[in-house]
Enquirer: 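A single structure is presented below for examination.
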Amino acid sequence: MAIISKLGHVIESQQFSRAVLEELIARADEIKREPHRFMGRLAGQVMAALFYEPSTRTRLSFEAAMLRLGGQTMGTDNAREFSSAAKGETLEDTVRIVSGYADVIVLRHNEEGAAKRAAAVSTVPVINAGDGPGQHPTQALLDLYTIRAELSKIDGVRVAMVGDLANGRTVRSLTYLLSKFEDVKVWFVAPPEVAMRDDLKAHLDEHQVPWVETQDLDAVLPEVDVVYMTRIQKERFTDPETYNRVKSVYRIDKGSLERMRKYAILMHPLPRVDEIAPEVDEDPRAAYFRQARNGLHIRMALLDRLLT
Ligand code: CP
């Protein structure tokens, strides 16, 4: 699935080639440096945001991106309640209708595979803004952009993915993107209840990307350039006992910072709960607010790439 054509969909990280990733990063840099050059690029075009799950960053950064490019936006928050889904309309029928009103659809849904289903019936590009525990490819784009911006490289990077890896769509999407670069190594740090799924480990093996699975975060901190923390996602657990057992296993605090490399960075897709202590925010290695800001520029680059 390519994003080269004007009508391409953005469903999963595997579809991006390294060349397209580098092109998007370069375009995001240009947009950040000279935003005035991109004003009005998408004038007359409309983005529909269909969000069946809560969001702050993805929804608002996509809206801001479209508006800053001169386009317009419409949409529905809490679409399960406030769209005709509440009356029993299928996702497919909703997307058929909305694709007649908009030039692009940004979809967040609680079910894995929802974006692919939407793309199958849409006449305009569908962008997966998170499908349950499946993928969140545009988060991965901003994560990759952040790694390049903060460390001036992606090849050779050492990354620890920490927390709810079984349900973590951002971790899955970012790992798929990292597998396209050279000499990358990944540590999966998680309790067994929420360990990384086997399909992604098989993908890394297939692409000769070394990975390590461990529960010992302290031992990993001095080894890596990127610590990618994630929230234990309460909403994905059917058994409250399991959630309570794993919810506070990992927490980055000042002591953790002392174990990290001087030039490493701490990332988090956000929102956080208690897995990063607020005292950490002042440390220059805390990159998560800069990371969220990067979402604006990479999403502008993506919309520009899809719609011009
Ligand atoms: N990182 C992320 O997807 O944040 P939101 O849920 O606020 O969109």
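Ligands are counted one by one from 1 in listed order, and the atoms in each one are counted from 1 as well.
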Enquirer: Out of all atoms in ligand 1, which are within 4.0 Å of some heavy atom of T56? Include the element for each.
Expert: 5 (P), 7 (O), 8 (O)
Enquirer: Verify the neighbour count for atom CZ of F289: are there more than 12 heavy atoms of other residues, nucleotides or ligands below 6.0 Å?
Expert: yes
Enquirer: I'd like to check which ligand 1 atoms, numbered from 1 as shown, lie under 4.0 Å from a non-hydrogen atom of Q139.
Expert: 1 (N), 2 (C), 3 (O)
Enquirer: Which label fits Y288 and H268: parallel for a plane angle under 30°, tilted from 30 to 60°, or perpendicular past 60°?
Expert: perpendicular
Enquirer: Please list, in number order, the atoms of ligand 1 under 4.0 Å from a heavy atom of L270.
Expert: 1 (N), 2 (C), 4 (O)
Enquirer: Suppose I only count heavy atoms of H136 and a 4.0 Å limit; which atoms of ligand 1 are within that range?
Expert: 3 (O)
Enquirer: I need the nearest protein heavy-atom contact for atom 1 (N) of ligand 1: residue, atom name and distance, please.
Expert: P269 O, 2.8 Å
Enquirer: What is the closest protein heavy atom to atom 4 (O) of ligand 1, and at what distance does it sit?
Expert: R57 NE, 3.0 Å
Enquirer: For R68, does the CZ atom have more than 12 heavy-atom neighbours from other residues, nucleotides or ligands under 6.0 Å away?
Expert: no
Enquirer: Check whether more than 12 heavy atoms from other residues, nucleotides or ligands sit under 6.0 Å from atom CZ of R290, and answer yes or no.
Expert: yes
Enquirer: Measure up the H203 and Y176 rings against each other and bin them: parallel (under 30°), tilted (30 to 60°), perpendicular (over 60°).
Expert: perpendicular
Enquirer: Polar contacts were defined as any N/O atom of the residue lying under 3.5 Å from an N/O atom of the ligand; does this apply to R59 and ligand 1?
Expert: no
Enquirer: So if I count the atoms of ligand 1 from 1 in the order they appear, which ones are less than 4.0 Å from some heavy atom of T58?
Expert: 2 (C), 3 (O), 4 (O), 5 (P), 8 (O)
Enquirer: Of the options V104, D103, L303, L67, which is the one that meets L42 in a side-chain contact (heavy atoms from CB on, under 4.5 Å)?
Expert: L303
Enquirer: Can you find a non-hydrogen atom of R108 under 4.0 Å from ligand 1?
Expert: yes
Enquirer: Among all residues two or more places apart in sequence or in another chain, which pass the side-chain hydrogen bond (donor to acceptor under 3.5 Å, both in side chains) test with N110?
Expert: none
